[in-house]
J.: 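Can you keep this structure in mind? I'll have questions shortly.
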Amino acid sequence: MKILENSDVSQLLSNINWNFPQSKTSEGIHSIHPYPAKFIPEIPRYLIKSLPIPEDTAILDPFCGSGVTLVEAQMRGLKSVGIDLNPIACLISKVKTQDLPAEFLNTAAHCVNFARKGFELTGTRDIPNIDHWFDPQIQQSVTALLLMVNSIKEVAIRQALRLALSSILVRISKQESDTRYAAIEKDVNQDDVFEFFTVACRKIAKSKEQSSSAKTPVKIIERDTLGTKPSAIPWPIGAVITSPPYPNAYEYWLYHKYRMWWLGFDPIAVKEKEIGARAHFFRKNHHTAQNFKEQMEGTLRLIRSVLVSGGYACFVIGRSKIHGKIVDNASIIENVAGELGFKKIERITRRILASRKSFNLSHANIKTEEILILKK
DNA sequence: AATATGCAACGGGGCCACGT
DNA sequence: ACGTGGCCCCGTTGCATATT
């Protein structure tokens with residue numbers, strides 16, 4: 001293998017147009033479940049393609065979210081490790097990267113048939129304020145469906161069914177939209193629950209059919225990155241590709257709150273540990289850029305101990321606004337990384353297209369984001 | 001008193017109806 | 001087919017109300 005100097009790598013990276021105006025995540029495997037601020041697959045794809053990643057190493061994403069990096073690594077036959085605190089994120093990542101047995105759709109139909117019968121249910125789930133967000137009729141259908149889905153023995157099928165149910169929960173709730181947290185009246189009935197669920201299952205089956213088989217192993221660790229020990233990472237890491245959460249920006253726990261309640265997870269515990277959650281920025285001793293610096297330092301320490309010498313760490317991150325002040329998150333990471341002995345290879349500014357609907361750019365002050373490439 | 005939860009104003013830009 | 005005006009969608013964010 002040809003030895004590449006740091007300057008060659010830097011040159012290679014800066015010759016790529018990172019704006020990727022044609023990119024779509026609205027179709028294919030990444031559309032099986034909504035997730036905010038997914039990064040476009042082209043970013044990890046081109047990083048994996050361009051970087052001289054040491055042989056026999058794996059890719060790590062310490063904030064894997066919906067698993068875009070993991071899917072890209074798997075497509076190229078590279079082992080990967082994803083860490084995420086959010087159980088919904090982990091479920092999405094798992095379903096995307098593991099094989100789906102052929103009887104999935106039959107099982108789904110079986111669940112729907114039974115749940116439709118409307119058998120007598122013994123007590124619904126104890127979910128706070130459930131009546132505010134879900135019509136009682138809808139609650140009954142979801143409960144019935146969930147009872148069936150959770151009884152499925154085959155793990156991969158059960159997880160895909162749970163994901164399908166999760167994906168439709170906001171639509172069948174009174175929550176205005178995935179990102180607007182207010183109750184409105186909607187025209188949804190019990191039949192719709194089963195109909196939407198069936199469609200969601202078909203979408204998963206179709207996307208899985210079209211994606212390559214999951215031969216290359218992917219390990220997903222469901223816990224907070226800062227609480228993860230290096231020993232939990234099973235393989236030496238050759239490159240880290242991640243987009244960390246921004247302080248005072250999106251609240252993933254809130255976005256997925258009722259999904260977590262229904263699936264039996266605890267959103268409140270997730271909120272407490274979620275980096276960047278707004279809840280931490282509207283209290284008396286609220287978080288500041290300093291907290292973010294410490295959180296990134298912890299992350300980089302973990303990265304440093306699992307990354308092989310000569311391995312790369314890539315961060316995709318924009319700015320955020322804390323009480324009116326713009327915080328340059330990329331510079332915070334760059335500085336901490338420098339203190340920890342990482343070498344900066346390149347820092348690229350990429351334009352976020354205005355047409356990208358997952359962000360409203362009018363208020364965000366985030367019209368660009370940074371790709372920071374470091375080397376150990 | 002302080003935090004948790006939910007609401008809705010703001011406003012850019014997408015999109016649709018309508019005219020040429 | 002193309003241009004345009006305006007309605008409406010929806011991410012963001014400050015704040016009101018509920019809860020502890």
Side-chain angles (χ1 to χ4, degrees), chain A residues 19 21-27 30-31 33-40 65-66 85-86 88-89 125-135 138-139 167-188 243-262 265-289 291-292 316-329 350-369:
Chain A
N19 295 332
Q22 314 296 337
S23 179
K24 291 190 195 126
T25 46
S26 55
E27 47 192 61
H30 296 301
S31 69
H33 192 287
Y35 201 82
K38 282 190 270 223
F39 63 3
I40 59 172
S66 66
L85 168 68
N86 190 318
I88 303 296
R125 249 167 214 293
D126 184 24
I127 298 175
N129 217 7
I130 187 77
D131 293 337
H132 182 79
W133 295 107
F134 290 84
D135 182 275
I138 303 287
Q139 287 180 42
S167 77
I168 68 164
L169 281 176
V170 169
R171 250 173 100 203
I172 60 174
S173 78
K174 296 181 185 178
Q175 192 178 320
E176 188 167 357
S177 74
D178 271 316
T179 49
R180 306 191 87 210
Y181 196 71
I184 58 163
E185 282 309 315
K186 284 190 204 170
D187 186 22
V188 230
S243 182
Y246 306 1
N248 196 27
Y250 210 86
E251 293 196 281
Y252 292 86
W253 78 272
L254 186 66
Y255 191 92
H256 296 302
K257 187 166 163 185
Y258 280 85
R259 293 191 166 113
M260 285 191 247
W261 283 131
W262 276 111
F265 302 115
D266 179 7
I268 305 306
V270 171
K271 173 179 73 172
E272 292 309 319
K273 289 193 169 171
E274 181 174 310
I275 293 176
R278 285 181 76 208
H280 304 309
F281 292 85
F282 285 89
R283 52 177 66 161
K284 209 149 166 261
N285 288 307
H286 64 79
H287 280 193
T288 62
N291 293 83
F292 184 67
V316 181
I317 191 160
R319 293 162 191 77
S320 48
K321 205 175 180 181
I322 303 177
H323 294 278
K325 268 182 67 180
I326 301 289
V327 179
D328 179 3
N329 300 312
R350 71 177 289 271
R351 216 188 324 279
I352 304 171
L353 289 188
S355 60
R356 192 174 150 192
K357 294 298 282 180
S358 56
F359 273 117
N360 181 326
L361 301 166
S362 57
H363 299 276
N365 293 309
I366 304 172
K367 290 184 171 57
T368 60
E369 63 188 2

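Residue numbers begin at 1 in each chain, while the letters A, B, ... track the order of the sequences.
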J.: Grab the CD-C1' distance between A:Glu176 and B:dG6 for me, whole Å please.
T.: 12 Å
J.: I need the CZ-P distance between A:Arg278 and C:dT12, as an integer number of Å.
T.: 10 Å
J.: Which word best sums up how the rings of A:His256 and A:His33 line up, parallel for under 30°, tilted for 30 to 60°, or perpendicular for over 60°?
T.: tilted
J.: What's the CD-P distance between A:Glu185 and B:dG6, to the nearest Å?
T.: 16 Å
J.: Rounded to whole Å, how long is the line connecting atom NZ of A:Lys174 with atom C1' of B:dG6?
T.: 14 Å
J.: Nearest whole Å is fine: how far is C:dG14 C1' from A:His286 NE2?
T.: 15 Å
J.: Polar atom pairs between nucleotides 1-5 of chain B and protein, under 3.5 Å, N or O only, would you list them?
T.:
| unit_1 | atom_1 | unit_2 | atom_2 | d |
| --- | --- | --- | --- | --- |
| B:dT3 | OP2 | A:Lys284 | N | 3.2 |
| B:dA4 | OP2 | A:Arg283 | NH2 | 3.1 |
| B:dT5 | OP2 | A:Lys271 | NZ | 3.1 |

J.: Considering all heavy atoms of both residues, which atom of A:Ile127 and which atom of A:Trp262 are nearest to each other, and what is their separation?
T.: CD1-CD2, 3.9 Å
J.: Strictly under 6.0 Å, is that where the ring centroids of A:Tyr35 and A:Tyr252 end up?
T.: yes
J.: Counting just side-chain N and O atoms, does A:His132 come under 4.0 Å of either OP1 or OP2 of C:dT17?
T.: no
J.: How many whole angstroms separate atom CG of A:Asp178 from atom P of C:dC9?
T.: 16 Å
J.: Given A:Pro245, which partner from the list A:Ile317, A:Ile275, A:Asn329, A:Leu85 fulfils the side-chain contact (heavy atoms from CB on, under 4.5 Å) test?
T.: A:Ile275
J.: Pick one: which of A:Tyr258, A:Tyr255, A:Trp253, A:Trp133 meets ring pair (Phe, Tyr, Trp, His ring centres under 6.0 Å) with A:Tyr181?
T.: A:Trp133
J.: Would the number of heavy atoms belonging to other residues, nucleotides or ligands and lying under 6.0 Å from NZ of A:Lys174 be above 12?
T.: yes
J.: Hey, does the side-chain of A:Arg180 have a donor or acceptor N/O within less than 3.5 Å of a partner on the base of B:dG6?
T.: no
